[in-house]
Structure formats: C-alpha cells, structure tokens
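Okay, structure first, notes after.
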Amino acid sequence: MSSEMKPLLEMRNISKDFFGNQVLTDINLTLGEGEVIGLVGENGAGKSTLMRILFGADMIRETGGYGGEIRLDGEVKHFSSPFDAIAAGIGMVHQEFSLIPGFTTTENILLNREPVRKNLLSEIFGDRMNTLNRSEMDERAANAIEMMGVSIDRRMVISEMPVGHKQFTEIARELSKEQLRLLILDEPTAVLTEKEAEALLASIRGMAARGIAIIFITHRLQEILAVCDRVVVMRDGYVVNESKASETNVSEITKWMVGRDVKSPSKTEAAVRSGDAKTIMKIEKLWVDMPGETVRNVSLEVKDGEILGIGGLAGQGKLGIPNGIMGLYQAGGKVTFEGQEIPLNSPRKCLDSSFAFVSEDRRGVGLLLDESLEWNIAFPAMQIQNKFLKNYLGGLIKWRDEKAIKSVTDRYISELAIKCTSSAQKARELSGGNQQKVCLAKAFALNPRMLFVSEPTRGIDVGAKALVLEALKKFNRENGVTIVIVSSELEELRQSCDRIAIVSGGRIAGILPASSSVEDLGALMLSQVV
C-alpha cells in the first residue's frame with residue numbers, strides 16, 4: 001500500500017493456535033480502499049485461518065479466539081460472527097460453495113436479503129405475510145452479475161448449473177450487498193476455465209476501480225501478477241515477504257512460498273512403453289448423465305501399466321468419464337477390464353474389480369470430514385478388502401487392528417508430507433492440499449489394479465502439486481498400477497503421463513503422446529467443442 005493511501009484494513013500482530021499448535025505468529029497486514037493484494041502460500045501456511053479471523057468465523061471463537069487486533073478505518077473491531085463482518089462491509093467467497101442447489105441464481109444471490117411487498121394480509125398479521133418482490137430481485141441480481149462482466153442465467157437452478165457459473169453466483173451474491181467495501185476471494189479461479197478466469201480477473205479490476213478492496217488468494221501465480229498491486233507471501237504461519245506485484249515474478253514468489261526451488265515433476269521413460277503394452281481396459285460407446293458434463297460416445301483403450309491422461313475444456317466430458325465408470329452417475333455403454341465386462345451403475349462392482357477413484361469433489365465425495373485421518377485412510381480397505389482387521393474365533397468375529405491402522409496412516413502421512421497434528425486429527429481441520437493427499441492415501445491403501453484420479457492438483461500449491469504428481473508416478477512404477485489422470489492442466493498431463501486423450505464434444509477427439517506440443521493438444525480440444 002502506498003504511503004498516501006488511507007488504510008481501510010489493518011491487521012496487527014495477529015496470532016492463533018489450535019490446542020497448542022501455533023498456526024499464525026505476529027501477522028501484520030494492511031489494505032487500502034480499491035487496492036488488490038495477492039495472498040499466497042503453500043497449503044497449511046495459514047492463509048485461510050487468517051481470513052477466517054478477519055471474517056469472524058465461528059471456528060475461531062470456538063477454539064479460543066486469536067491474539068492481536070483488527071482495525072477498520074482506524075477503529076478496532078471485534079467480529080464475533082460472520083454477520084458482524086458482513087455488517088461492517090466485509091464479504092468472503094469461500095473455496096467450497098455455499099449455495100442452495102434447489103434455488104435459482106437470483107434466489108441464491110439475494111438469500112436472506114430479498115426485497116418484499118406489503119399487502120393487506122401483512123398489514124393485519126405482520127411482516128410474515130409479505131410477498132417477495134420478484135421484479136426487484138431480478139433487477140438487483142442482474143446488476144450484480146453485470147458488475148462482474150459475465151453472462152449467467154439468473155433463472156437457472158443451481159443444481160443444473162456448470163461449476164464455473166456457480167462460482168460467479170457466489171461472487172455476485174457478495175457484490176449485491178450495498179455496504180460491501182472489502183472482498184475476500186479464496187481460490188475463485190480454481191474451478192474456472194481459462195476464458196472464465198480471464199473474465200473474473202477483469203471483474204476484479206473493475207471492482208477495485210469502484211473502490212472495493214480485495215484480498216485475492218490463489219495458487220495460480222500468474223493471476224496474482226496480472227491483477228494485484230501487492231503480493232503478500234506466507235509460510236508456516238508467518239508473513240515472509242511483501243512486494244509490489246510489478247517488481248517480482250513467479251519464480252521469486254515460489255521460492256518465498258516454499259523456501260526452496262521447486263522443480264517440475266521429472267519425466268520418466270514410461271512414455272515409450274505403452275505402445276507395446278496390452279490393453280487392460282476397453283471403453284466402448286460410453287455415455288454419462290452428469291450435470292455440467294457432456295459424455296456422448298466415448299470409446300477408449302487403456303494400456304496395462306501406463307499413466308493415461310484425459311484432458312479437455314470444461315464441460316466437454318472429461319470429468320464425466322471416471323464418474324460414469326465408477327457408478328457415481330447414470331451411464332451406459334460397455335466397459336471391460338482384463339477381458340471381463342464391468343457392470344455400469346454399480347460402484348461396489350468396480351471396487352470389487354480392484355478399481356479406486358480419487359474424486360474431484362474431495363469434500364463431498366472423497367472424505368469423511370468429521371472422522372480421523374486413520375479412519376479416512378483405512379476404512380475403505382477395511383470395508384471392501386477386510387484389511388486392517390483381526391480375526392477371532394476362526395474368523396467369526398472381526399475387530400479393528402488399531403496398530404495396523406495407525407501404521408498405514410503414519411506411513412502415508414510421512415510419504416505424502418501431510419501436514420497434521422497427528423493421525424487422529426479430523427480431516428475437516430486440514431487445508432485443501434492436505435485433504436487431497438489424504439484422498440490419495442486412501443486410494444493407495446486399497447492397492448488397486450486401476451486408479452482413476454480426477455483433478456488431482458486443483459486448488460493446491462506448487463510444492464504440493466509436485467509432490468502429488470510424483471507420488472502418483474512412484475505408485476505407478478513401484479506397484480505396476482494403471483492410472484488414469486483427468487486434469488484441466490495440460491502441462492501437468494504432459495509431465496506425468498505416457499499418452500493424453502483429449503475429450504471434446506463428449507467424444508475422444510484424439511490421443512497423442514505426452515511429448516506432443518501444447519498447440520497440437522489444444523487443436524484437439526477445440527475440434528468438436530459443444
């Protein structure tokens with residue numbers, strides 16, 4: 001912030017611990033009106049905890065509060081709940097959606113702030129008999145959407161909406177609040193296509209021009225440089241660097257974040273092996289009924305022991321393929337594995353066939369959020385394969401082998417560098433990147449023959465990305481497991497896979513070696529777009 005700029009927000013000497021585990025130490029942060037700062041750091045660096053303190057999150061109060069003080073316009077503030085922060089003009093778009101699926105875009109944008117009309121009944125019986133002013137609701141929602149500079153259907157029900165439009169709905173809800181002065185955006189572009197992300201960055205510039213201050217959290221460091229005035233870097237609960245965005249670069253920010261140089265995942269010799277390998281899985285004329293995804297007629301062969309990448313633009317079908325095969329959404333067609341047909345629409349049949357799936361929806365599908373890491377990692381193998389159980393009376397009674405469960409959990413905590421207080425910590429309490437590592441550990445514990453991994457690096461930092469991709473490659477090499485990685489990040493597929501299949505228009509547009517150029521892969525992406 002320039003010396004002339006009036007500080008809208010001052011966070012002074014903020015500290016926080018969770019049951020003796022120090023997560024923030026002496027944090028100082030200032031923000032001026034209309035200023036955009038990028039807040040970056042590895043998963044577990046403390047970014048989300050700092051923003052929860054600013055937004056008055058219940059979990060902060062319930063765990064003993066925090067040290068230091070928050071000032072808004074020079075006045076000390078004590079936010080005991082998010083409602084206090086909202087009343088003070090602070091808005092926050094969380095990484096996980098908080099929309100009501102059965103409501104429309106407009107209804108979600110104006111939830112609990114709907115304009116109403118009085119009528120004869122309300123004059124007699126009180127405000128409970130007021131009716132919604134639908135025309136004013138529509139107008140206010142349209143204005144909020146227009147402020148973002150994007151086009152989304154105000155009347156569409158959230159459950160039918162593409163994931164990118166859900167993110168824009170979350171942001172529009174904050175922009176519709178007349179008192180908004182400071183907006184916290186936590187990983188807003190993680191689920192957006194490149195075009196949608198560009199539109200959001202333009203929207204951020206527009207909001208700043210209208211005087212709204214913005215704290216922008218993202219792992220896409222180029223976006224930070226493109227839109228922010230300053231970059232604040234956190235590591236292990238400290239602010240380790242603060243710079244003007246115009247005076248730094250991605251390489252420097254990365255070093256400050258992780259305290260070391262981060263190398264790209266090494267390319268293995270595996271890229272040449274899949275041509276001689278036998279086909280282990282054959283997919284024929286697959287269709288999947290998954291909201292926001294188009295899977296019409298996918299035919300694909302997967303080679304034994306390879307890492308196959310599946311890429312494509314958002315909504316073109318790539319996410320629908322593993323979700324359909326694993327039985328999470330209605331599907332049709334034919335899938336054979338090692339010569340045996342695998343019944344569709346039956347998740348248990350897939351699991352019994354030694355398949356495993358790491359979903360793109362780690363919180364909704366991948367984790368038991370209120371259970372320990374031990375239970376999350378061991379439970380699927382225990383339930384499906386009778387692992388980590390002791391037999392008594394000749395097998396008539398089975399009981400958990402607590403020692404084996406803790407051992408396997410500690411092993412993956414070490415191998416995947418999961419940041420946690422212990423193996424007994426609840427999954428909900430971990431950062432997003434560490435939750436993703438738990439999802440991988442759960443799949444690894446199953447020792448599958450076929451592993452589907454969907455968006456493995458979405459919303460995680462550069463250091464964790466490298467670790468996750470290397471872990472997948474190591475698991476493939478050491479166990480001979482065939483892996484299918486579905487990702488929106490072409491460069492990650494090129495670094496990690498043997499071949500890359502591009503999905504466009506609900507079909508396989510083509511399959512190329514991972515060594516192919518980005519231009520060739522991009523041309524396939526656009527070949528059948530719907």
Side-chain angles (χ1 to χ4, degrees), residues 96-97 99 101-102 105 150-153 156-170 189-197 281 283-300 302 308-335 342 344-347 350 355 357-366 439 450-459 484-490 492-493 500-511 521-522 524-530:
E96 308 296 339
F97 295 139
L99 302 171
T105 305
V150 299
S151 177
I152 59 177
D153 188 344
M156 180 176 284
V157 175
I158 295 298
S159 60
E160 300 174 358
M161 185 178 285
V163 66
H165 288 200
K166 292 179 184 177
Q167 186 66 284
F168 284 121
T169 301
E170 291 266 11
T189 62
V191 297
L192 302 182
T193 65
E194 185 174 338
K195 185 176 181 181
E196 288 171 338
M281 172 177 279
I283 303 167
E284 300 175 82
K285 299 181 179 178
L286 177 72
W287 60 263
V288 182
D289 185 12
M290 179 178 175
E293 286 289 299
T294 303
V295 183
R296 291 175 172 168
N297 186 8
V298 166
S299 293
L300 180 65
V302 184
L308 174 69
I310 299 182
L313 298 176
Q316 296 300 303
K318 65 180 186 294
L319 294 178
I321 294 172
N323 277 280
I325 291 173
M326 294 299 297
L328 274 70
Y329 292 93
Q330 189 71 25
K334 184 178 180 181
V335 175
I342 304 297
L344 294 171
N345 309 305
S346 177
C350 291
F355 293 6
F357 180 37
V358 178
S359 171
E360 70 280 358
D361 183 6
R362 59 183 174 237
R363 291 176 68 89
V365 175
C439 292
M450 168 71 70
L451 173 60
F452 293 98
V453 186
S454 190
E455 298 289 6
T457 64
R458 174 181 284 173
V484 175
I485 300 177
V486 180
S487 176
S488 301
E489 304 288 342
L490 262 186
E492 290 176 6
L493 294 179
I500 301 174
I502 298 298
V503 182
S504 182
R507 301 174 177 83
I508 301 297
I511 303 175
L521 292 164
L524 286 178
M525 283 186 176
L526 298 172
S527 61
Q528 302 174 35
V529 170
V530 294

Are the side chains of [X] and [Y] in touch, meaning some heavy atoms are under 4.5 Å apart?
X    : Y    : value
Q316 : I502 : no
I321 : V288 : no
E160 : H165 : no
L319 : E455 : yes
V484 : M450 : yes
I342 : C350 : yes
P456 : I485 : yes
L286 : L300 : no

I need the [X] [atom1] to [Y] [atom2] distance, nearest 0.5 Å.
X    : Y    : atom1 : atom2 : answer
K334 : K285 : NZ    : NZ    : 10.5 Å
S488 : E360 : OG    : CD    : 9.5 Å
N323 : E293 : CG    : CD    : 8.0 Å
K318 : I508 : NZ    : CD1   : 12.0 Å
T169 : I158 : OG1   : CD1   : 4.5 Å
D289 : T294 : CG    : OG1   : 10.5 Å

State, to 0.1 Å, how close [X] and [Y] come at their nearest heavy-atom pair, and which atoms those are.
X    : Y    : value
L99  : K166 : CD1-O, 3.6 Å
W287 : Q330 : CZ3-O, 3.8 Å
G333 : L344 : O-CD1, 3.6 Å
N345 : Y329 : OD1-O, 3.7 Å
D153 : M161 : O-CE, 4.3 Å
P347 : G327 : CG-O, 3.6 Å

request  = Could you verify whether a donor N or O on one side chain and an acceptor N or O on the other, from E492 and T457, lie under 3.5 Å apart?
outcome  = yes
query = Would you find a donor on one side and an acceptor on the other, under 3.5 Å apart, between the side chain of S504 and the backbone of M525?
reply =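 Yes; judged by distance alone, with no hydrogens or angles, the pair exists.
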inquiry  = My understanding is that only residues two or more places apart in sequence, or in another chain, count here; which of them pass side chain to side chain donor-acceptor pair (under 3.5 Å) with E170?
reply    = S98, R173
